[in-house]
Amino acid sequence: MTLQELIAHVSGLFAKTCGRPPRWIVTAPGRVNLIGEHTDYNDGFVLPMAIEYYTVIAADRPAGDVKRIHLVSTSCETPVVIDPTQPLKPFPNGSWANYPAGVIAGFLARGLNPGSFDAMIDSTVPFGGGLSSSAALEVATATLLEVITSKKLDPVEKALLCQKAEHEFAGMPCGIMDQFISVMGRENSLLLLDCRSRRTELVPLKDPTVAVLIVNTNVKHQLTGSEYPTRRKQCEEAARILEVPSLRGANPRALEEARGRMDPVVYRRARHVIGEIERTVYASEGIRASNWAAVGQLMYASHDSLRDDYEVSCKELDAIVEIAQAIGIKGGVYGCRMTGGGFGGCTVALVKASAIEAISKKIAEDYKNKTGIEATIFSSRPAAGAMVIKA
Ligand code: GAF
């Protein structure tokens, strides 16, 4: 479904439910990260792009004298009612409503009260696929609240407000990558984000002969809840031993010197992060120089490191990377790696655009043979970040 089709669909649903067309429509994209995984909360570099898969919200003031926020999501059975005059608390049982509720709380904390509204939400970003469906929902909500309150936030403040919503309402101690790219994505560009200074640089990806291919393993292992915060703690432990504020300040030589003073697991976690930060910078240079083969090698190295040192891959992700590697440059694959938090979700590959169909067919067949699972395969050009469609 294109963005235009999704917008028409959500508008239609809103009109059907509320008996009038929506007054406001906003959208925010999911993302895929080309390289720089588990580096954002270590003050490192990341290189994501927004994808052509979106969350769309259509909204209006309620009819009559109704004092509440009413949120309906097409993919969740239970609509949510929020009283914006009361202090907001997280909903129990990991409710989807914690993402918008956390963002509403962030606006209220700034004295920006949206008042009552009805909202209809739909998304083409696959849930639990590691493509930041949650950041897309947070950023779309923040974009809607900017329109309703007539207060445009600074993009960095907006992304940080959404990250805080995820920390405090969804209980996920994420870094800043997903919210930044959903706010700041640009068509035809990757975003090189320095997570220490929060400075961003656009890295053009315009070459029509090169494409980004995303393969969803369609598995999500339930380890993610505790594994992510554990990785964060292990990185903090390594930084403490290395006497640096974060692993961004460390280098391979200092890590080797400290190896004897470190738990072997903590050592391997730090080795991944320090190497990945370096690979991300090299990859951005490789993309600028159209050196696709070199970028591809960095992607494979990233995957190996995530699998062996950071231990956030799984056999399904590994299977796709192995299939892609076997196809090789001759068959049109420059490089492939897991993307996002890990333990399932998606891989990202850099491929020759002319070979997309053949590559997709081969991956689908071999993955099904190896795992018994149907993969979902799609490509995306780098897309624009959050947008107001109707205000
Ligand atoms: C998840 C987190 F939300 C991001 O902040 C990032 O750490 C990513 O995992 C791993 O690179 O998407």
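Every number for a ligand or one of its atoms is a count from 1 in the order of the listing. Heavy atoms only: backbone and side chains are in, while hydrogens, waters and symmetry mates are out. Position 1 is the first residue of the sequence, and the numbers go up from there.
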From CZ (Phe127) to OG (Ser75), nearest 0.5 Å: 3.5 Å
Residue pairs fulfilling ring-ring contact (aromatic ring centres under 6.0 Å, His included) with at least one residue in residues 52-76, sequence neighbours excluded: Tyr53-Phe378
Salt bridge (charged side-chain N to carboxylate O under 4.0 Å, His left out), paired with Glu311, selected from Arg271, Arg231, Arg268: Arg268
By salt bridge (charged side-chain N to carboxylate O under 4.0 Å, His left out) - contacts of Glu146 (at least two apart): Lys158
Those residues that, when tested against Glu278, pass salt bridge (charged side-chain N to carboxylate O under 4.0 Å, His left out) (two or more places apart): none
Those protein residues which place at least one heavy atom below 4.0 Å from ligand 1: Arg31, Glu37, His38, Asp40, Tyr41, Met172, Cys174, Gly175, Met177, Asp178, Tyr228, Gly340, Gly341
Side chain to side chain contact (heavy atoms under 4.5 Å, CB included) between Ser313 and His303, intermediate numbers included: CA-CA 8 Å; Ser313 187; His303 185 80; 3.5 Å; yes
